[in-house]
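Shown next, in structure tokens, is the structure this report addresses.
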Amino acid sequence: MATFIKPRVPRGMRDILPEQMIRRQYVIDVIRDVFEEFGFEPLQTPAMELSEVLTGKYGPDAEKLIYQAGHTGGKEDISLRYDLSVPLCRVIAMYPQLPKPFKRYQIDPVWRAERPQKGRYRQFFQCDADTVGSDSMLADAENVNLIYQVLSRLGFKQFEISVNDRKLITGIGQFSGVPTAQLGGLYRSIDKLDKIGLDGVTAELRENEIPEDVIKKLLTLLQIEGDSTTVLNEMQEQLEDLEIAREGTAELKELIGYLTTLGVPEECYKVNVAMVRGLEYYTGPIYETVVEEPKIGSITGGGRYDELIGSFSKQSFPATGTSFGIERIIDVMEEFDMFPSTVGKTVTQVLMTVFDDELMKESLKLATQLRQGGIRTEVYFRPARLSAQMKYADAKGIPYAVILGSDELAAGNAAVRDLASREQENVPLDKVVERIKHLINTSEGRQTF
RNA sequence: GUGGAUGUAGCUCAGGGGUAGAGCGCCUGACUGUGGAUCAGGAGGCCGUGGGUUCAAUCCCCAUCAUCCACCCCA
């Protein structure tokens, strides 16, 4: 007896079956449309990079999660990419002739050897838009605008884009007077403010042996509440002696000024001085969108990274960008049933039935006409009982069936059946395409997309 | 990486030391040109994998793998 290999996929990775793939493509289409609307150009880079390109960019914790991708006898030390930003920087350094500012988007998988959880996979898609070669806060404002546009078009009603600035964080660090070695832990504790509250942060700071007077100082900063402008003004006042903090608040004020002009509603973003973000390469404004329900973490993240390209070339460029997490966005949309009814289970719009061998020829002719008319049409592959063919259409969620039997053919007709309403009508053969088109256009919810 | 829970039919799950059940789904028929209803019948499981204890293991013990949850981190 033959022994079989148990069919399975690597941990944290999965197959995306057609029904789910259709939803995915819908989300990707929306994102791509927005990106291109803002003038971002498509870019693709290899799934693997030389390991030296990736190391030393993300910080030691993240670096452990990079997949090694060498093969037996391979001479190169290569790894699967961890994100799309570092490969972009490599591209910028490699092709100096690209006109600046360079705006590109990339929608591709990345790999991280994390322990999987809901909304956390080892292979997942990032959808990145980045602007290289401009230090204008308008570029950063555009990133936030992208997030706003994409999420509202996907039907997200309530979301809040947290905005902060690495310079402001550095200022807070200096303000606290905590030695550099402890700074990482300090930031990490502060970052949890939204999750564990002031008391929780206080407790954690004490555990990390941060002196009481420092904790007190920090709490006065973290307690600042109000709209973005108020928070920034207060921060500016509290940290006015620190140049780096002044720069941070100035940047954010400029950014918010642009957001207002661009028409991004105020309730969609908020300055959150406690939001830190882990990746080491950020240098200026940073932003992320966290959804509370379901508990899935952040669905977007990004920021300015003016130094990163400098690690590949003498000539450095300021850069900023943002990233969308498709699988988390889809997880949220599925949880709340946010897909429009126009996103169906199948791409097929019409099932062309086949009665018998004689009529097969007529069915194929009609199918060809439908396809030429731009209607996605599937033909049943062999004559079968009509009930079987209907059942197939129903199981696949195909919205319409065209039935061509000897009775219809004799009258020069075909029957056009709406599977959902079970209504059926005879239509002259040369009007079938037109009729189906009309049905598709008028009955939203039964077409695919 | 740390801690915890769970792996039994396609799906959701029950059961329990003597090689297994429900609901839903699926297939067939009643229905020779019309799918979601009804009725009748049927298929489908080395009870995650490997080892141990036992006369005997799906059940007890150990290991391992996978999934989920929390932490960590992040999309």
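Chain letters run A, B, ... following the sequence lines, proteins first and then strands; every chain starts at 1.
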Residue whose nearest RNA chain B nucleotide is more 5′ - A:V9 or A:E423: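 By nearest-heavy-atom nucleotide position, the 5'-most residue is A:E423.
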Residue closer to the 5' end of RNA chain B, A:R115 versus A:G325 (nearest nucleotide):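 Result: A:R115.
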Residues A:E334 and A:R23 bridged, charged N to O under 4.0 Å: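 Judged by the 4.0 Å cut-off on N to carboxylate O distance, A:E334 and A:R23 do form a salt bridge.
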Electrostatic pair A:R153-A:E37, nearest N-O below 4.0 angstrom: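 A salt bridge is present here (some side-chain N lies under 4.0 Å from a carboxylate O).
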Test: A:R112 cationic atom under 6.0 Å from A:Y82 six-membered ring centre, within 45° of axis: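 Yes, A:R112 and A:Y82 form such a contact.
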Just call it for [X]: base, sugar-phosphate, or nothing, with non-hydrogen atoms closer than 4.0 Å on any strand.
X      : answer
A:G302 : nothing
A:F324 : nothing
A:E288 : nothing
A:Y392 : nothing
A:I326 : nothing
A:R328 : base
A:S406 : base
A:K192 : sugar-phosphate

Output the single nucleotide from [options] whose closest atom is nearest the side chain of [X].
X      : options             : value
A:S387 : B:U67, B:U34, B:C69 : B:U34
A:D407 : B:C72, B:A75, B:G33 : B:G33
A:F124 : B:A75, B:U34, B:C71 : B:A75
A:P116 : B:C68, B:A66, B:G35 : B:C68
A:I403 : B:A75, B:G33, B:G35 : B:G33

From CA spacing to verdict: ring pair (Phe, Tyr, Trp, His ring centres under 6.0 Å), A:Y105, A:F40: CA-CA 6 Å; A:Y105 71 87; A:F40 290 87; 7.8 Å; no
I need the [atom1]-[atom2] distance between [X] and [N], as an integer number of Å.
X      : N     : atom1 : atom2 : result
A:K64  : B:C72 : NZ    : P     : 15 Å
A:K391 : B:G25 : NZ    : P     : 11 Å
A:D61  : B:C72 : CG    : P     : 12 Å
A:R122 : B:C74 : CZ    : C1'   : 14 Å
A:Y58  : B:C72 : OH    : C1'   : 20 Å

Presence of A:R11 side-chain N/O under 4.0 Å of B:U67 phosphate oxygens OP1/OP2: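 True: A:R11 side-chain N/O within range (under 4.0 Å) of B:U67 OP1/OP2.
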Check: B:G33 base within 3.5 Å donor-acceptor of A:E408 side chain: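 In this structure, the two groups form a donor-acceptor pair.
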Side-chain donor/acceptor of A:Q389 to base of B:U34, under 3.5 Å: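 Looking at the base of B:U34, it does not pair with any donor or acceptor on the side chain of A:Q389 (distance under 3.5 Å).
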Polar side chain donor-acceptor pair, A:T320 to A:N143, under 3.5 angstrom: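 Short answer, yes.
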A:S51 and A:D77: side chain donor to acceptor below 3.5 Å: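 Yes, a side-chain donor-acceptor pair sits under 3.5 Å.
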Complementary nucleotide for B:G44 - Watson-Crick or wobble, under 3.5 Å: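 None - no nucleotide pairs with B:G44, as no candidate has both distances under 3.5 Å.
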